[in-house]
Structures are given as C-alpha cells and as structure tokens.
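The block underneath contains the structure these notes are about, expressed in structure tokens.
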Protein chains: 2
Amino acid sequence: MRLGALEAGGTKMVCAIVDDEGHISDRFTTPTEDPEKTLKILYDYFAERQIDCLGIACFGPIDLHEDSPTYGCVTTSPKVAWRNVNVVKAFEGLGVPVGFDTDVNGSVLGETTYGIGRGVKNCVYITIGTGIGIGVLSEGRLLHGMLHPEGGHILLPMSPDDPMERGICPNHPNCFEGLAAGPSIEKRWGKSAKELGDRDDVWDVEAFYIANALVSYTMTLSPELFILGGGVMHKADVLLPKVRAKYAELMNNYIQTKQTADLEHYIVCQSLDDNQGLLGAAEIGRMALGKAR
Amino acid sequence: MRLGALEAGGTKMVCAIVDDEGHISDRFTTPTEDPEKTLKILYDYFAERQIDCLGIACFGPIDLHEDSPTYGCVTTSPKVAWRNVNVVKAFEGLGVPVGFDTDVNGSVLGETTYGIGRGVKNCVYITIGTGIGIGVLSEGRLLHGMLHPEGGHILLPMSPDDPMERGICPNHPNCFEGLAAGPSIEKRWGKSAKELGDRDDVWDVEAFYIANALVSYTMTLSPELFILGGGVMHKADVLLPKVRAKYAELMNNYIQTKQTADLEHYIVCQSLDDNQGLLGAAEIGRMALGKAR
C-alpha cells in the first residue's frame with residue numbers, strides 16, 4: 001500500500017509516501033505561499049506518484065463536517081489568503097479517497113499508531129511552537145465536536161512571576177497560546193528561546209502555563225497520556241521536569257490514578273523526530289480508504 | 001420494558017422505574033447515609049419491582065473501567081464512608097444487567113435523549129450546585145478516558161471583582177468549583193444565594209467564572225450545546241444572560257460557528273425539571289441491557 005501524506009502547515013507543506021508499516025519515503029517540502037500555486041505543486045507531486053489514498057493533516061481552523069457545504073476548507077485562519085480555500089477539493093482529481101483532519105489530530109494519530117502512545121485510546125497531543133494546538137484521541141477516535149479542539153485558547157490564570165501584563169493573542173489577554181507559545185516567550189524576555197539558555201525564571205514561567213493547561217485538559221478530556229511536541233519542547237531537558245513538578249503541585253492529589261502517580265510516563269515528549277504529523281496524515285488517508293471501501 | 005433507575009447523590013438517593021418512552025413512575029427517595037444500610041434499602045426497593053435492567057448515575061469520583069478490579073466503586077470521594085464501596089456489586093443479586101456511570105453523565109444522557117439536547121451528539125452538561133461537575137457526550141458517546149471528566153476542577157483566573165482571595169476547594173485555590181459552587185457564593189457574600197436576590201455584583205462574579213469555564217470547555221471538548229443545571233441555576237433569569245454576555249466577551253469571536261453565533265440556543269438550562277439524572281440513569285441501564293444481549 002502507498003499512503004499519500006500531506007502535513008499542511010502555516011509555513012511549509014510536507015509531503016511523503018508512507019508504506020503500510022509507517023516507513024516514510026520520497027519526502028518533499030514546499031513553502032506555504034499563494035494557495036493556488038502551492039496546491040498545484042502539491043497536486044502534481046501526488047499525481048506523479050501512484051497512491052492508494054491521501055491523508056491531509058492541516059493547519060486551521062478548518063471545517064471537518066463532511067455534511068457541511070464548506071467541508072475541507074480552511075475557515076477563520078489568521079493566514080488570510082487561505083481562508084475559504086477548499087484543500088480537500090484541490091485533490092479530488094487524483095481519484096483516490098482523501099482524508100482530512102487537523103495537523104494536531106494528525107500528530108496524536110501518528111504517536112498513538114507508531115510512537116510512544118502506541119495502543120493508548122485516550123491521548124492528548126500538545127504542540128507548543130509558533131502557536132499552540134491540541135489533538136485529541138478519545139476512546140480511540142479523533143475528537144471533533146462542533147469544530148475541533150482549540151486547546152491553545154483555554155483561558156489561564158496569570159503567573160505571579162510573569163513580567164508581562166497580558167499575553168500576546170489578539171483575541172484573548174490570557175489564553176495559553178498568547179502566554180506560552182514561542183513568540184510570547186520572545187516578547188516576554190526580549191530574546192529568542194534559544195538565546196535564553198537554561199534560565200530558571202524563563203522556564204518556570206513557561207512551566208507554570210503548560211502545567212495549568214495540562215491540569216485543565218485532565219479535568220475535561222481525561223487523557224491517559226500527554227505528549228508534548230513543537231519547537232518550544234526542544235527545551236524539554238529543562239522544561240519537562242518543571243512541568244511535571246508544577247502539574248503535581250497544582251493537581252494536589254485531587255485525581256489519583258496509576259497515570260497521575262507516574263508523571264514521568266504520563267507527561268512525555270513526542271517520540272517520532274517530528275514525523276508524527278506526517279505519519280498521522282498517512283493514517284488519516286488510510287482511514288479514508290477504509291471508509292470508501 | 002421496565003428500566004430501573006438510581007440517581008445516587010451525595011446527600012440523597014433517588015430511585016424510580018422508567019418505561020421505554022421516559023415516563024417515570026414509582027419514585028422513591030432515601031438519604032445517603034451509612035453505605036451498607038442505604039444500599040440495602042435500595043436493593044430491596046428494586047428487588048420488589050420487576051425490572052429488566054438497572055442504571056446507576058453515581059456521585060464520584062468512581063471507577064468506570066470494566067476491566068479494573070475496583071470497577072463499580074466510589075474512589076477518592078470526600079464522602080469518606082463511601083470510599084471503596086462497590087455500588088455495582090451491591091445490586092448483582094438482582095440478576096439483571098447493571099450499568100454504571102457518573103451522575104453528570106446521567107444528566108447529559110437524560111437531556112440528549114429526552115430533553116433540550118435531543119439528538120445532539122456533542123454536548124456538555126454542567127451541574128452547579130453544592131459542587132460542580134460536567135457530563136460529556138462526545139460523538140454520541142459518554143466520555144470517560146483515564147477516569148472521567150472532573151470539570152469542576154479546571155483552574156480559572158480570579159475575577160478582579162471577587163472579594164475573596166481564593167476559592168474554597170481544599171485542593172485548588174482557584175478551581176471552578178471552589179470559586180463558583182453554592183458554598184463559595186455563600187462564603188463570598190456571607191449569605192445564601194437565595195438571600196442575595198438579584199444583586200449585580202453577586203451574579204457578575206458568578207457569571208465571570210461560569211463563562212471562563214465554558215470558554216475552556218469549548219476549546220477542549222468542542223460541544224455543540226451547553227446545558228446548565230444544579231441549584232445555583234435556579235437563579236437562571238438573572239445569571240444566564242450575564243453568562244452569555246461574558247462568554248461572548250471572553251471568546252471575542254475567536255471561534256465562529258452557527259452555534260457560537262446564537263448563544264441563546266448554545267448555552268441553555270436543563271429542561272427536564274431536574275429529572276435529567278434519573279432519566280439518564282434509566283438510559284445507562286438500557287445501554288447495559290443492550291450490551292448484555
């Protein structure tokens with residue numbers, strides 16, 4: 001089987017062919033530019049390769065309701081040129097089943113199929129990079145609901161040690177993304193995350209926000225595993241122990257399960273070298289193929 | 001069909017027989033006292049009536065994993081006498097299938113089967129009374145995950161207008177329940193909710209916390225409908241318009257769906273005269289019967 005996989009990000013598009021066992025071949029990357037131009041490049045890439053299905057893990061917000069007239073479209077994205085662009089329709093000409101979901105749902109699917117979350121039925125994947133998003137597997141199925149989770153925009157208490165007065169999200173003064181994504185760190189301390197080294201003040205504030213978010217995810221989504229990815233998590237050596245400690249402090253033994261008793265295995269980093277989204281996209285394609293049969 | 005229904009609350013137990021169409025008969029209430037004594041009364045009630053199945057919607061936290069050795073037990077409840085009591089086992093002698101879930105999952109099931117949420121596949125029910133809990137229907141199924149949602153304990157920012165310095169939850173200084181359940185209101189203003197009348201300062205603070213919680217539920221669980229119940233919502237005439245207004249302000253157009261464009265139908269009160277838990281319990285029983293067949 002040849003699964004076509006497209007990880008459609010706000011800055012770049014990554015394509016590949018993935019086999020039945022999750023081996024990635026023939027990877028190709030192109031920047032996310034004018035939609036018409038970019039989609040043509042991507043279409044041609046897949047048209048030239050014999051694929052059985054295509055899975056797209058896409059930046060959002062997107063319309064995932066198959067019975068909606070705008071199914072397959074990017075909706076209220078800050079990437080204005082891509083608003084109302086129908087990403088699914090762009091690949092109809094390939095004549096293969098096309099699956100479509102969020103980039104972070106791709107990542108949670110990749111990690112629970114091939115990675116550290118293999119076999120876990122209730123898992124939350126959190127990407128913390130230029131933005132923050134969550135992908136949710138609930139009882140073995142990707143959670144969509146009314147739209148899809150937008151976990152980067154839950155509202156958090158401000159850290160008493162935060163030198164900023166508010167986060168940088170244009171919509172919310174105190175959402176997770178506005179307080180803890182990469183650009184917020186840079187704004188807060190006046191330097192990029194890389195330049196900030198291992199400073200405790202920096203990563204204590206960051207861990208405060210991540211841990212607050214994880215507690216609220218536990219209380220709402222009740223996952224058996226948290227997987228953290230994205231650029232900010234490249235600082236995991238310093239950050240992850242702080243996140244676990246703060247999580248335990250905030251949770252304060254309210255929930256006592258075997259998972260919360262073992263935070264080193266409950267709150268972990270992505271395990272697939274940032275291929276989780278691409279491998280998840282392949283799985284989204286496989287699911288579309290299953291439905292079409 | 002005669003569906004046995006037990007709404008097992010922390011202060012009282014409500015039993016009834018429910019027919020196929022949701023008609024409640026033969027209602028019986030007994031206080032929640034010593035577990036052995038109370039469970040005997042309840043067992044006898046159902047044993048004397050011919051029932052096809054029993055559904056229990058129970059206060060928690062509880063163990064819902066059927067493959068767990070403590071399945072059917074109340075776990076870390078503040079009602080210490082009930083800790084580790086196996087509620088399901090207590091009814092094994094009836095010889096009928098027994099279903100078991102949380103009280104709030106019962107309510108969301110009751111409302112989406114017989115009430116204002118009929119037919120909705122993604123719904124969050126929030127009870128705001130002596131405590132706060134959420135029941136979650138996700139893609140048509142009750143959400144459990146690692147444990148079950150404990151939505152009363154998400155961590156919220158403090159309202160700048162709150163005269164209290166912290167909430168009253170012993171575990172969390174700023175969780176939803178500790179800031180917004182009935183006892184918190186009484187502690188904050190020194191009077192019971194009933195005595196506080198329609199005072200704007202009182203219900204503005206309350207609406208702030210409820211709206212913050214609903215925004216975070218939207219960002220994580222992405223429901224198509226919110227249903228609010230519990231004693232505090234008896235003040236809905238004053239409270240609900242404030243909740244909707246604050247929700248719109250906090251959301252600040254970040255998510256634009258047909259539901260969020262029509263908050264009068266997105267955020268509503270329970271519709272079943274506080275029978276939603278009992279009717280949901282009957283449905284939990286019916287589901288157990290379906291599984292057993």
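Labels below follow one simple rule: chain letters A, B, ... track the order of the sequence lines, proteins then strands, and each chain is numbered from 1.
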Quick check: does any side chain N or O of [X] sit under 3.5 Å from a backbone N or O of [Y], one acting as donor and the other as acceptor?
X	Y	value
A:Glu139	B:Leu143	no
A:Ser222	B:His144	yes
A:Thr220	B:Tyr217	no

Contact check, side chains of B:Phe176 and A:Met219, non-hydrogen atoms, under 4.5 Å =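 Sidechains of A:Met219 and B:Phe176: no contact.
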
Q. About how many Å separate CD of A:Glu150 and OH of B:Tyr254, when rounded to the nearest 0.5 Å?
A.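 With rounding to 0.5 Å, OH (B:Tyr254) is 3.5 Å from CD (A:Glu150).
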
Fill in: Distance, nearest 0.5 Å, that separates CG of B:Leu147 from CD of A:Gln256
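Going from CG on B:Leu147 over to CD on A:Gln256, the span is 10.5 Å.
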
Query raised in the report: Near A:His65 NE2, under 6.0 Å, is it more than 12 heavy atoms from other residues, nucleotides or ligands?
Result: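 Correct, the count exceeds 12.
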
_Winner by heavy-atom pair count (cut-off under 4.5 Å) against chain A, out of B:Cys123, B:Gly152, B:Gly151, B:Cys175_ =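 Between B:Cys123, B:Gly152, B:Gly151, B:Cys175, the count favours B:Gly151.
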
- Using a cut-off of under 4.5 Å for heavy-atom pairs, which of B:Asn171, B:Ile255, B:Asn252 has the most such pairs with chain A?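 Of the candidates given, the most pairs with chain A belong to B:Asn171.
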
Given heavy-atom pairs under 4.5 angstrom as the criterion, report whether the side chain, backbone, both or neither of A:Pro173 touches chain B.
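For A:Pro173, there is no contact with chain B at all, as no heavy atom is under 4.5 Å.
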
Tell me, side chain or backbone of A:His148 under 4.5 Å from chain B's heavy atoms, or both, or neither?
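Contact with chain B involves the backbone of A:His148 alone.
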
Discussion item. Only pairs of heavy atoms separated by less than 4.5 Å count here; which of A:Val124, A:Leu221, A:Val120 has the most with chain B?
Written reply: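 Ranked by heavy-atom pairs under 4.5 Å with chain B, first place is A:Leu221.
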
task = Can you see which heavy atom on A:Leu155 is nearest to which on B:Ser216, and at what distance?
result =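 For A:Leu155 versus B:Ser216, the nearest heavy atoms are N-OG, 3.3 Å.
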
- Could you pull out the closest heavy-atom pair between A:Arg141 and B:Ser138, with the gap in Å?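 Nearest pair, atom of A:Arg141 first, then B:Ser138: NH2-O, 4.2 Å.
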
If the test is side chain to side chain contact (heavy atoms under 4.5 Å, CB included), which one of B:Asn212, B:Leu156, B:Asn174 qualifies with A:Pro157?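 Only one of B:Asn212, B:Leu156, B:Asn174 forms a side chain to side chain contact (heavy atoms under 4.5 Å, CB included) with A:Pro157, namely B:Asn174.
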
Practice task
Please name the residue in the list A:Lys258, A:Lys121, A:Gln259 that meets the side chain to side chain contact (heavy atoms under 4.5 Å, CB included) test with B:Met146.
Solution key: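 Of all the options given, the one that passes is A:Gln259.
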
